[in-house]
Structure formats: structure tokens, C-alpha cells
Visitor: 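This is the structure I have questions about; it appears just below.
All residue numbers refer to positions in the sequence shown, counting from 1. Keep in mind that this is a model prediction, so the values were computed, not measured. Note that ligands are numbered from 1 as they come in the structure, with each ligand's atoms numbered from 1 the same way.
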Amino acid sequence: MRAWAVVENGKPLQELELPTPEPKGTEVLVQVTHCGVCHSDLHMWEGYYALGGGKKMSLKDRGVTLPLAMGHEIVGRVAKLGPDATGVKVGDLRIVFPWLGCGTCEKCLAEEDNMCLTVRSLGVYANGGYGTHVIAPHPRHLVDPGTLDPAVAATYACSGITVYSAIRKVMPLPPTEAIVLVGAGGLGLTAIAVLKGMKHQHIVSVDVSAEKRAAALKAGAHKVVDASGADVTKRIVEAAGGPVLAVVDLVNGTQTARFAFDALRKGGKLIQVGLFGGELSLPLPLMAIRALTVQGSYVGNPKELRELVKLAQAGTLAALPVATIPQSQAYEALMRLRDGKVTGRLVLRAEAA
Ligand SMILES: [Zn+2]
Ligand SMILES: [Zn+2]
């Protein structure tokens, strides 16, 4: 197989010839046709995450080894089955669930692989979609995109399930109950599309940028709130028609967490998704008296990916704008993303696809 791999952090990707893995047991070898270029690939390429306050989280310390073919938004065709793999056949087009765990613990067996303590994510701890082939440990990690555009379907494995999983944590709610989304960037717009797809009728989008608020309205948000200056909580409560039950914070910085938390009413939930960084101090008696929940949410699980794909197949999910670029130009794609020249999603397309 070939891979466009990180060999040294912060240096151009190198084209490498690697042995094509042989699927064992329940494993399935997938030949990559499409792979989204995600913002977190940039952090991986650089070798660290900024935690805020000048602190950095090194990916090397977290067990990421080089060379690595990044890429976790993968669609491809089944190329070879391990002796115990069933349910798919050679040539089938599938989305590959990338947020893998050990495969044997209680969480993994309950299909909550992303909650496993042993992280084996594709494109992070194992070669991903910046290579020509990936290994899915089990056919249950493969989801049929049906007639969906594979370039769009690829993005469901990351940005798609990230917002879907967060929204699921505040559901069920009556369709007219306000759901507040903090941040109207890529994730925020995807969240609006998912809520619209779920027929939700009261979406409040919060952002500092007038341009992004306009995009949120265009995407179907019912109300928008300016997140700059003072009194943001007050404006959220006004837009929502009262203190709220559900906030999904896709930014999750010190300021957004504060105004989001302060907007909650009894039984309210704040779901924290973004990695902006910072801190939140909680008034502990209120946590108890109002029975509040502050919960983190990170990517999602295979069940959620299947549900999201079903929602998309029903035709109610507005697709993110995607552009494709040959897989061999992975580094150029990454640099375009770094330089802020990408609207929507840039997706690598294999020559064979
Ligand atoms: Zn991603
Ligand atoms: Zn596990």
C-alpha cells in the first residue's frame, strides 16, 4: 500500500510504500476511496494540542508514533475479509468508523468503542485514510452509505457524529423546546442541519461573528444571539423565551461555558464539545438544587454513526459543502486548511475511486 504520511512533525508529508496489511480474524481490509481532511489532522501533523494558557498536550506523549498516515473520515471499498469476517463482501462501499478501542472490553462490546480506555483510533494510533488501505477490526465498524455522496458521507465519521452524539445527550426534548448551540462554525452549522433533520423547531445559535450568525439563520436556526460583550446569558434567555434546558457548547472556552451554564434552568444540561480551552467554576449548591448536568462529549459511537446515516438517507439532512482533491495531494490539502482557504470540507479522493 501507499501512504502520504507524517514522518516528522511540521514537515511535508512523505509518500511511503508500506506492506499492505493482511486482515486477520474478524478484520476487514478496506481500500480507501475518500478521506476528509479534518482540523484535528493539523494538530496531529504539528504534534500537539494547545490547551490554553500556553500549555501544550504532546501527541507523542499520548502514544502517537510516526510515520503515520492520518485521516479518520474514511470511505472505501471492502478489499479483503479476514477468515471470521461476515456481513460484507469484496467491493462493498462503506464508511469506516474510526474511533476504535480495544475491541474486547464491556464498552467496546456495547458498541461504545469511543469510551474504551485503550484508544486505537484510525488516523491517530493506526494508519488512516491518507493511505490507500485501512483495517477495520470488525464488520460492525463499517456503515453502508447507500446512495449518499461518499465525500459527504466521509465527514459523518467525525464532525457528523460529534454533533449527533452531543445532541443525543440532551434528547429527547419536545420539538418546540429551545436548544442552544454555541458556535456557528462548521460544527455549529452541522448541528443545525442535524436538528432540522430531527424536525426540531426551536434552534438558537450563538456566535460572536455577524457573518456566522447570518450563515446560521440561512442554515435554519430560528434565532441567533450575538456572543460578544456583556449580558450574553440575558440575550440567550430572551431568544429562548426563558432559561433553557439544553445547551451544546461547540466552542467550550472560559467565556462561552460561563454564559451557557448561567442560562440553564432546573434540570438543564450543558454539553461540552469544543476544545477551545479554559476553565469553568461551578456554584455547587445550584448544581444540586437545580439538578444541573455538565457533561463532556467526544466524537461518537458506531450506533450513532448508523443513526446519522439513516437520517441522511431519509433526505432530511442538508449536506455540508465538500470539494475533492487527489489523495496524492494530501499535504497541499492540509496546507490549504491551515491557511484558512477551505470552506466546508476538503476530501481526498483516491486515484482509483
Ligand atoms: Zn476530525
Ligand atoms: Zn475496549
Visitor: Run through the protein N/O/S atoms less than 2.8 Å from the Zn ion (ligand 1) and write them out by chain and number.
Guide: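 Listed by chain and number: Cys38 SG, His72 NE2, Cys158 SG.
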
Visitor: Does the side chain of His141 pick up a donor-acceptor pair with the side chain of Asp113 at under 3.5 Å?
Guide: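 Yes, side-chain donor-acceptor contact under 3.5 Å.
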
Visitor: When you check the side-chain N and O atoms of Asp41 and Tyr130, is any donor under 3.5 Å from an acceptor?
Guide: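 Indeed, the side chains of Asp41 and Tyr130 share at least one donor-acceptor pair under 3.5 Å.
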
Visitor: Salt-bridge test for Arg77 and Asp92: reply yes if a basic N is under 4.0 Å from a carboxylate O, no otherwise.
Guide: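 No, no charged N to carboxylate O under 4.0 Å.
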
Visitor: With a 4.0 Å cut-off, would you call Glu238 and Lys223 a salt bridge?
Guide: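 The answer is no: the pair does not qualify as a salt bridge.
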
Visitor: Taking the Zn ion (ligand 2) as the vertex, how big is the angle to SG in Cys116 and SG in Cys105, rounded to 10°?
Guide: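 Reported to 10°, the angle equals 110°.
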
Visitor: Given the rule in the salt bridge (Lys or Arg N to Asp or Glu O under 4.0 Å) test, do Glu279 and Arg258 qualify, once you have shown the distances and angles that lead to the verdict?
Guide: CA-CA 9 Å; Glu279 279 163 337; Arg258 181 80 268 151; over 6 Å; no

Visitor: Please indicate whether Glu211 has more than 12 foreign heavy atoms, meaning atoms of other residues, nucleotides or ligands, lying under 6.0 Å from its CD.
Guide: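 No.
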
